[in-house]
Amino acid sequence: MQVIVTKDYDEMSRVAAEIFAEGIKANPEIRLGLATGSTPVGMYQCLIEKNKAGEIDFSKVVTFNLDEYYPITPDNDQSYIYFMRHNLFDHVNINMENVHIPNGQAPDIDQEGKDYDALMEKFGWTDIQLLGVGRNGHIAFNEPDDELVAGTHKTDLTEDTIDANARFFASIDDVPRQAITMGVGPIMKAKKIVVLISGANKHEAFEKLLSGQITTQCPITLMNLHRDVVIIADQAAAEGK
Ligand code: GLP
């Protein structure tokens with residue numbers, strides 16, 4: 001596990017964008033696993049700038065997003081498909097046919113999870129997976145629990161996550177209580193994983209990750225089992241202040 005501590009959020013974003021840009025240059029048909037949340041927004045901004053400058057081409061890039069609220073409609077400005085369009089896809093030359101996000105209004109949500117995994121398997125999983133981390137250590141929407149689920153599945157959000165994400169909604173009552181999330185299986189199948197950790201409120205998750213102890217009660221610690229992980233943390237997350 002490689003750990004890079006940057007002086008601030010902007011440097012974290014630039015360092016991460018560089019890894020993704022190099023990946024796209026080396027393989028224009030690269031399969032990227034993408035994440036939402038406030039943490040990757042700066043990195044997406046850097047990638048948009050690189051695309052506009054002609055440095056990277058998204059036309060053949062294939063993406064799989066980690067998760068989506070359930071139930072939610074795609075036109076809801078808090079849906080993750082809306083987020084991805086707003087923060088990345090609408091500003092780069094990606095082919096939307098190559099974009100995959102779990103369907104937050106699928107009539108059969110269990111089948112949706114199975115189909116999502118089957119599709120990822122058909123593509124040969126992802127080359128680089130981007131991950132943020134919840135302040136409780138969750139990855140995608142795999143919440144701390146006695147057991148974690150391997151496949152893409154519907155899940156209940158914890159009160160802590162509902163509370164953390166309420167800042168994006170008009171009121172906490174508007175935050176969906178469930179989501180469909182990639183399980184830890186497809187995440188761990190990525191060839192490379194890039195984890196972004198920003199802000200003092202993520203310090204506890206950062207410390208647990210670096211402790212080397214692995215526990216389902218802090219899903220980010222599973223990164224210790226993967227052979228190619230780059231952690232990029234800003235100083236606030238690394239030092240907790
Ligand atoms: C959500 C997402 C996660 C993300 C987390 C952290 O719960 N499902 O993928 O890592 O938020 O978000 P933020 O970056 O806003 O702290």
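Heavy-atom basis, side chains included; hydrogens, waters and symmetry copies ignored. Counting convention: from 1, in listed order, for ligands and their atoms alike.
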Side chain to side chain contact (heavy atoms under 4.5 Å, CB included) against C218, all qualifying residues, sequence neighbours excluded: K208, T215, I220, T221
Whether H100 and F64 hold their rings parallel, tilted or perpendicular, with breakpoints at 30° and 60°: parallel
For ligand 1, the residues whose heavy atoms come within less than 4.0 Å (ordered by chain, then number): T36, G37, S38, T39, D67, Y80, G132, V133, H138, A140, F141, N165, R167, K202
Kindly say whether the aromatic ring centers of [X] and [Y] come within a distance under 6.0 Å.
X: F83; Y: F168; value: no
X: F89; Y: F58; value: no
X: Y70; Y: F141; value: no

Short side-chain donor-acceptor distance under 3.5 Å, T158 and D160: no
